[in-house]
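Just so it is clear, the values below take in all heavy atoms, side chains as well, and ignore hydrogens, waters and symmetry mates. Each chain gets a letter, A, B and so on, in the order its sequence line appears, and its residues count up from 1.
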Amino acid sequence: MAGLFDNLSAKLSNDEPAGITALDITDLPPDQKQIMLLLLRDSSGTRVGVTREWLHNRLQDRLNALDELTADLVSRGWIIEMGEAPNQRYRINLRAKRGSGGLGLWSIIAERLAQDTSGSGQ
Amino acid sequence: MGEIISIHSFRGGTGKSNLAANIGTILARRGKRVGIVDTDIQSPGVHVLFGFDETQLDKALNDYLWGRAPIEAVAYRVSDFATDPERAYLRDLNLWLIPSSIRTNEIARVLREGYDVNLLNQGFNTLIRKLELDYLLIDTHPGLNEETLLSIAVSNVLCIILRPDEQDFQGTAVTVDIARKLEVPKTRLVVNKALTRFDFERLKADVAKTYDAEVSGVLPLSEDVAFNASGHVFSALYPQHPWSVTLEAITDDLVKK
């Protein structure tokens, strides 16, 4: 499922965007949103990853088919799966902030200031 | 585990950085360990309230995002730099500032090349862990962009600042809606720069009803605060001033369990 940033990013670069943005998370179905928010707000979920057991302990009472939901999120590239069964760990994959590619106003200002500085030193 | 409090406004000029600096200092003066991160990479400013200038900021959040330094290495303990006698109120506080770079080429680079948002999120958690913070305040860029949305999403408390202005009212509705969709545990509104001719209790009730959200307080448009011109942390310099007393009550509400 693509969100605003996916679409804009894909148009700019003509490549497949990787990862998910916080805005995309707002559009997810409730079950997937629960998993993503849990990972986003846990320090392990953003760094070393959480175990399958950890996810089950926190979500199995609320969500059916947790393994299938997780597998789907992994296949979309929104969660990164590390390690092999039964010792997998999962962490969220937030999409990198795309730059303007050097066309932005700040880049022009920075270049001009650099030119002025080098010019004044001569 | 420390709490993340994001200070956000949909539009610029609402007093967001001023309130972030003041709320952070109020909490630190209560004995809490507090960090303030300036994620307004395009137009950083919160460092000014603590008396930092470009010569003192030899490292910044940008260095962390570019892999040049660990995040804790770009955290400045504010008391270490409060050498001016007028800033004695900052001494001995467990208050850290993580500024964004005010160098033009650094701002240009991050806008030109982007950065890894995972790093920013990991950085928030690392700061809380390594500095043993009770509260991490995030001073966000106005409007909605990636770092702002991330800050909202990971917040325990989202504090949205708005002025009694029709443009602020409409924009704030968008932020409140996003916060609900991201299931932020606690969202509070703060009305800032309200004209003293208004009935503040009525204004508070109207704003709460409009957004179906709780309002922590209404701060007046204060000539005294304006005269301070971001030169100091006003509430620490004048703790008995009515503006400061109101902000103390707002802070109470933000951190209330």
Side-chain angles (χ1 to χ4, degrees), chain A residues 3-6 8-9 12-13 17-30 33-49 62 78-80 91-117, chain B residues 1-4 6 39 41-43 65-66 71 101-130 136 140-141 144-156 158 174-175 177-185:
Chain A
L4 173 65
F5 290 127
D6 296 85
L8 288 174
S9 301
L12 282 170
S13 67
I20 191 167
T21 69
L23 188 62
D24 296 330
I25 292 174
T26 65
D27 292 333
L28 291 176
K33 189 194 283 188
Q34 289 295 311
I35 297 171
M36 298 305 282
L37 288 177
L38 189 64
L39 290 176
L40 186 66
R41 290 170 181 158
D42 183 87
S43 60
S44 296
T46 64
R47 293 164 55 86
V48 295
R62 284 181 275 164
W78 296 341
I79 289 179
I80 293 175
R91 81 165 175 84
I92 194 164
N93 184 27
L94 291 169
R95 177 158 336 125
K97 183 181 171 78
R98 196 176 291 271
S100 63
L103 300 175
L105 176 64
W106 275 104
S107 295
I108 295 166
I109 292 171
E111 281 174 22
R112 291 204 176 159
L113 285 175
Q115 286 169 6
D116 289 349
T117 305
Chain B
M1 188 66 180
E3 292 210 326
I4 296 178
S6 285
T39 62
I41 295 168
Q42 295 180 43
S43 46
L65 293 174
W66 291 116
I71 186 114
S101 177
I102 48 178
R103 292 180 180 144
T104 315
N105 60 335
E106 290 291 335
I107 295 171
R109 182 178 176 190
V110 84
L111 295 177
R112 186 175 63 241
E113 299 180 28
Y115 62 87
D116 183 352
V117 180
N118 288 293
L119 266 183
L120 186 60
N121 194 23
Q122 290 166 13
F124 295 156
N125 285 306
T126 304
L127 281 170
I128 290 172
R129 195 177 67 253
K130 295 222 167 173
L136 179 67
T140 65
H141 182 65
L144 295 171
N145 62 13
E146 278 102 322
E147 49 269 41
T148 297
L149 285 162
L150 174 67
S151 303
I152 292 173
V154 300
S155 295
N156 301 95
L158 171 63
V174 176
T175 310
D177 185 44
I178 295 240
R180 290 212 170 99
K181 287 182 174 173
L182 287 170
E183 301 174 18
V184 176

From [atom1] ([X]) to [atom2] ([Y]), nearest 0.5 Å:
X: Asn145(B); Y: Thr21(A); atom1: CG; atom2: OG1; result: 11.0 Å
X: Leu23(A); Y: Thr148(B); atom1: CG; atom2: OG1; result: 12.0 Å
X: Asn121(B); Y: Ile92(A); atom1: CG; atom2: CD1; result: 7.5 Å
X: Ile25(A); Y: Ile178(B); atom1: CD1; atom2: CD1; result: 11.5 Å

field: Closest heavy-atom pair and its distance - Arg41(A), Ala153(B)
entry: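 The answer is NE-O, 2.6 Å.
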- prompt: Taking C-beta and beyond as the side chain, do Asn125(B) and Thr46(A) meet within less than 4.5 Å on heavy atoms?
  reply: yes
task: Under the salt bridge (charged side-chain N to carboxylate O under 4.0 Å, His left out) rule, collect the residues that match up with Lys97(A), sequence neighbours excluded.
output: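 Result, salt bridge (charged side-chain N to carboxylate O under 4.0 Å, His left out) vs Lys97(A): Glu146(B), Glu147(B).
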message: As a test of understanding, state which of Glu183(B), Lys181(B), Arg180(B) forms a side chain to side chain contact (heavy atoms under 4.5 Å, CB included) with Thr26(A).
response: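 Testing Thr26(A) for a side chain to side chain contact (heavy atoms under 4.5 Å, CB included) against Glu183(B), Lys181(B), Arg180(B) leaves exactly one candidate, Lys181(B).
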- prompt: By a 4.5 Å heavy-atom criterion (distance strictly below it), what part of Leu37(A) contacts chain B: side chain, backbone, both, or neither?
  reply: side chain
query: Sub-3.5 Å donor-acceptor pair from the side chain of Asn118(B) to the main-chain atoms of Leu94(A), do we have one?
result: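 Judged by distance alone, yes, a pair lies under 3.5 Å.
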